[in-house]
Engineer: 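Shown below is the structure under consideration.
Within every chain, numbering begins at 1; the chains are lettered A, B, ... in the order of the sequence lines, protein sequences first and strands thereafter. Just so it is clear, the values below take in all heavy atoms, side chains as well, and ignore hydrogens, waters and symmetry mates.
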Protein chains: 4
Amino acid sequence: MNARERSKIETRRRLMEAGIALFASRGISDTRSTALAEAAGVAVGTLYLHFKDKEGLARAILMEGLEALLAELGTVACDAALDVGEAVRRQTDIMIRFAQERPGLCRTLFDPEAVRWQISTEIMDRVVAIQERRFFDQAAAGLLDAAVSPRVAARAVVGMLLFSLNWWIIHPDEADAETLAATLNRLRLSGVYAR
Amino acid sequence: MNARERSKIETRRRLMEAGIALFASRGISDTRSTALAEAAGVAVGTLYLHFKDKEGLARAILMEGLEALLAELGTVACDAALDVGEAVRRQTDIMIRFAQERPGLCRTLFDPEAVRWQISTEIMDRVVAIQERRFFDQAAAGLLDAAVSPRVAARAVVGMLLFSLNWWIIHPDEADAETLAATLNRLRLSGVYAR
Amino acid sequence: MNARERSKIETRRRLMEAGIALFASRGISDTRSTALAEAAGVAVGTLYLHFKDKEGLARAILMEGLEALLAELGTVACDAALDVGEAVRRQTDIMIRFAQERPGLCRTLFDPEAVRWQISTEIMDRVVAIQERRFFDQAAAGLLDAAVSPRVAARAVVGMLLFSLNWWIIHPDEADAETLAATLNRLRLSGVYAR
Amino acid sequence: MNARERSKIETRRRLMEAGIALFASRGISDTRSTALAEAAGVAVGTLYLHFKDKEGLARAILMEGLEALLAELGTVACDAALDVGEAVRRQTDIMIRFAQERPGLCRTLFDPEAVRWQISTEIMDRVVAIQERRFFDQAAAGLLDAAVSPRVAARAVVGMLLFSLNWWIIHPDEADAETLAATLNRLRLSGVYAR
DNA sequence: GATGAATGAGGATTCATTCAT
DNA sequence: GATGAATGAATCCTCATTCAT
């Protein structure tokens with residue numbers, strides 16, 4: 001049944017879109033499974049046909065979002081020709097663009113609430129691990145300041161990015177994209193103080 | 001009756017300590033009101049005699065913790081003689097010491113879960129506002145880099161600190177206090193890269 | 001699914017019957033939601049699937065009962081050919097028969113406790129309003145004594161009927177239906193005293 | 001200790017006044033014992049020093065009110081010289097005056113909610129019993145219509161009076177005292193219809 | 001595959017009453 | 001006699017999940 005398969009995929013897609021929208025506006029735990037089904041235009045039972053449980057839907061959304069984000073970020077890592085400053089700038093640009101294009105997804109992806117859902121511990125750890133690996137490589141290449149711990153720095157940089165972006169998605173009018181990028185880059189590259 | 005009043009204060013204190021311990025280990029929403037009462041050695045009703053509801057206890061704990069932290073941080077702000085680098089280093093030291101001395105409190109205070117509890121929006125906003133004011137003053141004094149937005153930078157720095165400290169409290173063995181301090185300071189003062 | 005719909009309606013019916021029986025014997029506030037569910041042979045949650053809350057069930061029962069009673073009483077109002085005495089007698093007969101046929105429902109419907117449930121303010125007001133309208137019409141037709149206020153008389157007559165019937169349902173052996181009817185009619189039509 | 005005794009009586013009086021006011025405005029079950037104590041300016045424990053429990057306070061208030069009302073009504077019964085019409089008129093006047101002078105007390109005394117409190121079953125029964133005895137006497141004297149059951153008529157008359165007065169206390173502007181009295185008297189003495 | 005009525009364990013909160021001071 | 005902090009049984013309602021249709 002090709003039509004049936006298409007319909008199944010379509011149903012799953014609608015559930016995920018409903019999840020992205022509702023999780024973004026109410027948070028995961030405050031989103032009722034009936035509300036998800038209603039928003040997706042299906043019966044509650046259908047949710048459990050496509051996902052193990054509500055957290056399964058959240059996990060699918062977040063993982064898919066994470067993969068998409070990491071795929072984009074991966075393009076930077078591959079380009080060995082870039083110097084450190086350029087790589088940082090590219091990374092920031094990618095994250096800001098991602099936030100602009102998929103704000104609903106990002107609100108859930110960067111949402112600190114998700115910490116309690118064990119999913120995002122995985123997500124955080126993956127994101128941090130990537131940053132950590134990069135810092136380790138840079139340290140090996142002598143690019144990193146000697147006093148800096150790659151592990152700590154990775155946490156700090158990720159925290160800085162997620163916290164700032166999460167705020168910016170909710171309050172997009174508080175800063176324009178260029179200022180946001182410039183500030184985050186400057187902070188990472190040479191601190192905020194004039195020299 | 002003075003004895004009665006003392007006993008009431010003592011009961012409240014025990015409830016708050018039970019809250020600090022349980023909220024730290026299970027999070028606010030996963031801590032049952034009965035567990036709080038049991039841990040404090042009182043009946044459930046007593047919790048509601050001292051606080052409006054479970055969130056009221058959380059709010060009291062967080063607010064008291066916040067005040068304590070801000071009071072310590074305030075000593076830095078007052079010392080106008082400090083140069084920027086010294087002020088940053090002092091601030092970091094204070095936060096790390098606070099985290100070491102009151103790890104349970106900090107786990108709840110810096111815990112992103114609290115975001116969903118509306119309490120910590122207040123807390124975050126207060127912390128960010130303080131950092132923001134400091135940056136504005138420094139900008140006025142020409143200390144800040146021109147490209148940097150005080151508002152964005154305040155969010156970024158607070159996110160960096162809270163995210164890192166929250167991680168460090170949970171995994172204290174991943175880094176020693178000096179490395180943590182050195183990395184956070186270096187990042188804020190001149191970025192992580194060698195120059 | 002038609003079978004499913006039928007089952008849903010059947011479940012609702014059983015909840016309402018459980019409500020009629022339990023509310024009649026214990027009153028609304030002394031009837032536990034679990035008792036209602038148990039009596040209806042369903043889980044507690046099912047009660048809240050069909051009604052907003054316990055009061056919602058009570059409201060549904062009372063409103064349905066009221067509609068049934070008013071429908072029967074309406075037949076009298078329509079028969080314009082009846083003289084005053086005959087109309088009163090018919091009305092009394094209808095109410096007594098209704099009380100005999102659905103004693104459980106009437107215990108709740110006429111139960112003064114319901115006053116506190118805000119529901120029966122509506123019920124009382126509707127019943128009184130009907131009687132009031134009738135009295136106003138009769139006053140306009142010169143049938144009413146000049147000293148009589150239709151508004152007050154309506155309250156008095158309704159109070160007389162409800163209070164008497166509520167008592168009679170609980171103590172059916174204290175008077176037979178004919179005596180009850182005769183006394184209530186005589187009181188309304190020409191007072192209780194011989195002339 | 002004469003001063004102590006006086007103080008005790010005074011405390012009891014304040015509790016009863018608090019009860020009259022709060023029971024009238026919120027009903028018995030919706031009045032918290034702490035609210036009673038607060039309104040009386042004493043501690044909760046004091047309530048239980050003067051009354052067995054909350055219902056005990058309600059009982060005391062209602063019984064005292066009932067005795068006062070019956071005492072006034074008793075003056076009519078004693079005056080054997082009165083003819084039936086005059087006795088009815090006097091009784092109505094007394095009840096209306098009582099309602100005007102002590103509206104708070106009457107709201108609780110005539111409040112149908114009290115039915116569920118077992119207290120008012122006693123009260124109702126006493127009031128009805130008095131009316132019943134009067135009707136039996138009148139029946140023996142040949143004053144009552146032959147078709148009328150004294151027992152039923154007593155219920156009907158009491159229901160009529162209580163229901164009407166309870167309404168009038170809450171909505172005093174819907175009718176003036178004279179119209180109220182005239183209507184109630186006319187209904188009892190010769191029905192509401194013109195002849 | 002889709003449905004949606006039914007489930008029931010679970011948890012927050014209330015409030016009349018007590019009793020040590 | 002008065003106090004008021006402490007009690008804890010009692011009850012309402014929620015909502016993720018299931019499974020017969």
Side-chain angles (χ1 to χ4, degrees), chain A residues 1 3-5 7-8 11-12 29-38 41-56, chain B residues 1-12 29-37 41-55, chain C residues 1-12 29-37 41-55, chain D residues 1 3-5 7-8 11-12 29-38 41-56:
Chain A
M1 285 284 126
R4 176 171 273 199
E5 257 172 36
S7 143
K8 186 178 177 183
T11 300
R12 187 186 157 95
S29 56
D30 280 350
T31 298
R32 310 286 151 240
S33 44
T34 49
L36 286 167
E38 197 179 4
V42 298
V44 226
T46 306
L47 171 62
Y48 292 85
L49 224 52
H50 288 265
F51 304 94
K52 186 180 165 292
D53 50 23
K54 196 174 76 168
E55 186 172 349
Chain B
M1 291 297 117
N2 218 325
R4 198 179 261 180
E5 254 170 42
R6 253 180 290 127
S7 148
K8 188 179 183 180
I9 289 170
E10 164 69 9
T11 300
R12 187 188 154 96
S29 56
D30 281 348
T31 299
R32 311 286 147 240
S33 48
T34 49
L36 286 166
V42 297
V44 226
T46 307
L47 170 60
Y48 293 88
L49 187 68
H50 287 266
F51 304 95
K52 186 180 165 293
D53 49 22
K54 201 173 70 170
E55 185 174 347
Chain C
M1 291 295 117
N2 218 326
R4 199 178 260 178
E5 254 170 42
R6 254 180 289 126
S7 148
K8 187 177 185 182
I9 290 170
E10 164 69 8
T11 300
R12 187 188 154 97
S29 56
D30 281 348
T31 299
R32 311 287 146 237
S33 49
T34 49
L36 285 166
V42 297
V44 224
T46 306
L47 170 61
Y48 293 88
L49 188 68
H50 287 266
F51 304 95
K52 188 180 163 292
D53 51 20
K54 201 173 68 170
E55 185 174 348
Chain D
M1 285 288 124
R4 177 170 273 199
E5 257 172 36
S7 144
K8 186 178 178 183
T11 299
R12 187 187 156 95
S29 55
D30 280 350
T31 298
R32 311 286 149 239
S33 44
T34 49
L36 286 166
E38 198 179 3
V42 297
V44 226
T46 307
L47 171 61
Y48 292 85
L49 224 53
H50 287 266
F51 304 95
K52 185 178 165 292
D53 50 22
K54 197 174 76 169
E55 186 172 348

Engineer: How does protein contact run along nucleotides 7-12 of chain E, one letter per nucleotide 5' to 3', with B for base contact, S for sugar-phosphate only, - for none, heavy atoms under 4.0 Å?
Structural biologist: BB--SB

Engineer: Looking only at heavy atoms, which two atoms of A/Lys54 and A/Thr31 are closest? And how far apart?
Structural biologist: NZ-O, 2.9 Å

Engineer: Please state whether the phosphate of E/dG1, meaning OP1 or OP2, lies under 4.0 angstrom from any side-chain nitrogen or oxygen of A/His50.
Structural biologist: no

Engineer: In this structure, how many angstroms lie between the P atom of F/dT3 and the CD atom of B/Glu5, rounded?
Structural biologist: 15 Å

Engineer: Distance check needed: E/dT3 P versus C/Asn2 CG, whole Å only.
Structural biologist: 18 Å

Engineer: Provide, to the nearest angstrom, the distance between the NZ atom belonging to B/Lys8 and the P atom belonging to E/dT21.
Structural biologist: 17 Å

Engineer: Could you state the interatomic distance from CD (C/Glu55) to OG (C/Ser29), rounded to the nearest 0.5 Å?
Structural biologist: 11.0 Å

Engineer: Rounded to whole angstrom units, what separation is found between the CD atom of D/Glu38 and the P atom of F/dT3?
Structural biologist: 13 Å

Engineer: C/Ile9 CD1 to E/dA6 P: how many Å, rounded?
Structural biologist: 11 Å

Engineer: Using whole Å, what does the distance between atom P of nucleotide E/dT17 and atom CG of D/Leu36 come to?
Structural biologist: 11 Å

Engineer: Just to be sure I understand: a Watson-Crick pair is purine N1 to pyrimidine N3 plus N6-O4 or O6-N4, both under 3.5 Å. Using that and G-U wobbles, which stems of three or more pairs involve DNA chain E?
Structural biologist: E:2-21 with F:2-21

Engineer: If you look only at distance, which donor and acceptor atoms sit under 3.5 Å apart when one is on a side chain in residues 44-52 of chain C and the other is two or more places apart or in another chain?
Structural biologist:
from: C/Thr46; atom 1: OG1; to: C/Ala43; atom 2: O; distance (Å): 3.3

Engineer: Kindly say if B/Ser7 contacts the phosphate of F/dA6, meaning a side-chain N or O under 4.0 Å from OP1 or OP2.
Structural biologist: yes

Engineer: Expressed as a whole number of angstroms, how long is the span from A/Phe51:CZ to E/dA2:P?
Structural biologist: 11 Å

Engineer: When you measure from the side chain of C/Ser7 to the backbone N and O of C/Ala3, does any donor-acceptor pair fall under 3.5 Å?
Structural biologist: no

